[in-house]
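What you are looking at is a predicted structure, and each value in this text was computed from that prediction instead of being measured. Read the numbers this way: they start at 1 and go in the same order the structure lists the ligands and their atoms. The first residue in the sequence is number 1, and the count goes up from there.
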Amino acid sequence: EKDGHDWFMRKEIFEQPSAVANSLLGRRNASGRLQLDEVRLSDEELRDIDKVIVIACGTSFYAGMVAKYAIEHWCRIPVEVELASEFRYRDPILTRETLVVAISQSGETADTLQAIRHARTQRSKVLAICNSNGSTIPRESDAVIYTHAGPEIGVASTKGFLTQLVACYLLGLYLAQVKGTRYNDEIALVMDQLEQMPAHIETVLGQSERVYELAREFVGTPSVLFLGRHAGYPVALEGALKLKELAYIHAEGFAAGELKHGPIALVDDGLPIWCVVPPRGRDQLHEKMISGIQEVRARGARTICLAEEGDTAIEPYADELIRLPKVPVLLQPLVSAVPLQLFACELATLMGHDVDMPRNLAKSVTVE
Ligand code: F6R
């Protein structure tokens with residue numbers, strides 16, 4: 001049942017190329033336009049949307065953070081991302097033109113469910129991004145995008161997360177198509193890039209031995225930090241969450257630009273820091289990330305960099321270097337999250353923990 005793997009989690013990590021491929025299946029019609037059959041909202045209704053609020057918990061919340069970068073960029077509508085458990089209690093401003101997007105792998109998370117119930121009483125439209133067919137959250141939503149990852153058994157979300165990212169990209173591109181904020185050619189190009197992701201994820205999985213080696217080196221470390229920028233920031237948060245929940249060690253993710261505002265005080269000799277390096281581009285992201293990495297390295301950190309193929313500028317600052325396929329920055333989480341999942345899984349295994357059933361955690365959190 002675990003396909004020769006020791007844990008469901010490891011099996012599910014290695015299933016990600018096919019999970020992502022399934023998630024993308026049948027999303028384009030014969031003329032190449034995006035079609036999301038399960039989105040039962042008319043083009044009229046979608047055109048009227050003037051604000052998106054994404055609500056979710058845990059790993060699904062990090063997928064929502066990536067969605068904000070993508071949807072704002074492609075659709076030019078403001079996107080807020082909020083923890084479901086906070087959303088209801090702050091008297092959020094919701095109208096009929098607000099699209100509330102609830103992201104939940106299980107479809108049963110109580111906080112997320114209560115949040116969408118609240119949104120519906122305010123007459124906002126609710127779209128669920130969900131992996132579990134027929135679960136409560138999609139049943140209580142106006143529309144749904146199923147992620148089609150197949151059942152996720154390990155408590156820590158892996159293929160659930162990657163396919164949530166895919167669903168968020170699809171939603172962003174679909175809204176852009178309906179609202180006409182992007183040309184069809186451009187949407188088709190991103191779809192082509194998404195369709196290459198299963199192969200890219202496979203390439204990253206091909207380096208698992210290298211990541212396991214690093215896990216062996218870091219057994220016994222009391223703390224690990226993760227740095228990212230832009231779409232790499234939620235990935236840093238996700239890497240830290242995985243390590244906390246599986247290895248029970250202190251782990252924190254930061255936006256690299258925030259370091260100087262406090263967290264850099266944590267950096268000490270030998271502290272391992274994973275750095276999710278953005279692709280080189282016209283923006284300044286890559287350069288800014290490198291300067292952040294220089295800062296922590298100057299203070300004794302041991303940097304483990306995830307950087308795209310061909311990025312030689314990073315080499316002098318990377319104590320360890322894992323290569324990622326060259327992909328656009330918005331899509332990079334689909335490849336950069338994978339080594340962090342492998343690292344947490346392996347480190348927890350080496351520490352003798354039950355990776356599929358971490359202490360104090362349940363697969364679906366049905367209490368508020
Ligand atoms: C982390 C993890 C949790 C869930 C969170 C939301 O690995 O699995 O943080 O992401 O409990 O669960 P869903 O997506 O089922 O609502």
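The aromatic rings of Tyr69 and His230 sit tilted, their planes meeting at an angle between 30° and 60°. Ring pair His353/Tyr248 is tilted by interplanar angle, where 30° to 60° counts as tilted.
The single protein non-hydrogen atom nearest to atom 12 (O) of ligand 1 is Thr109 OG1, 3.5 Å, given as residue, atom name and distance. Ranking protein heavy atoms by distance to atom 10 (O) of ligand 1, first place goes to Thr59 N, 3.2 Å. Nearest non-hydrogen protein atom to atom 11 (O) of ligand 1 is Val365 CG2, 4.1 Å. Among protein heavy atoms, atom 5 (C) of ligand 1 sits closest to Cys57 O, 3.6 Å.
The contact set between ligand 1 and Ala156, taken as ligand atoms under 4.0 Å from a residue heavy atom, comprises 7 (O). Close contacts between ligand 1 and Val155 involve ligand atoms 8 (O) [criterion: under 4.0 Å to a heavy atom]. Atoms of ligand 1 lying under 4.0 Å from any heavy atom of Lys242, numbered from 1 in the order shown and given with element: 1 (C), 7 (O). Annotation for ligand 1: atoms under 4.0 Å from non-hydrogen atoms of Ser104 are 13 (P), 14 (O), 15 (O), 16 (O).
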**OP:** Give the C-alpha distance, both sets of side-chain angles, the deciding distance and a yes or no for salt bridge (charged side-chain N to carboxylate O under 4.0 Å, His left out) between Glu252 and Lys244.
**Re:** CA-CA 9 Å; Glu252 270 190 90; Lys244 279 180 248 198; over 6 Å; no
**OP:** Go through the steps for Arg280 and Glu308 under the test salt bridge (charged side-chain N to carboxylate O under 4.0 Å, His left out), then give the verdict.
**Re:** CA-CA 8 Å; Arg280 295 154 301 168; Glu308 70 178 4; 2.9 Å; yes
Subject >> Ile49 and Glu97: CA distance, side-chain angles, deciding distance, side-chain contact (heavy atoms from CB on, under 4.5 Å) verdict >> reply: CA-CA 5 Å; Ile49 298 296; Glu97 285 74 42; 5.6 Å; no
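Under 4.0 angstrom from ligand 1, the non-hydrogen atoms of Glu245 all belong to its side chain.
Identified under the side-chain hydrogen bond (donor to acceptor under 3.5 Å, both in side chains) test for residues 333-347, with sequence neighbours left out: Arg10-Glu346, Gln16-Gln341.
Residues passing the ring pair (Phe, Tyr, Trp, His ring centres under 6.0 Å) test with His250: none are found, sequence neighbours excluded.
At least one N or O atom of Ser157, backbone or side chain, sits closer than 3.5 Å to an N or O atom of ligand 1. Considering both main-chain and side-chain atoms, Thr112 never comes within under 3.5 Å of ligand 1 through any nitrogen or oxygen pair.
Atom OG of Ser106 and atom NZ of Lys363 lie 7.5 Å apart (nearest 0.5 Å).
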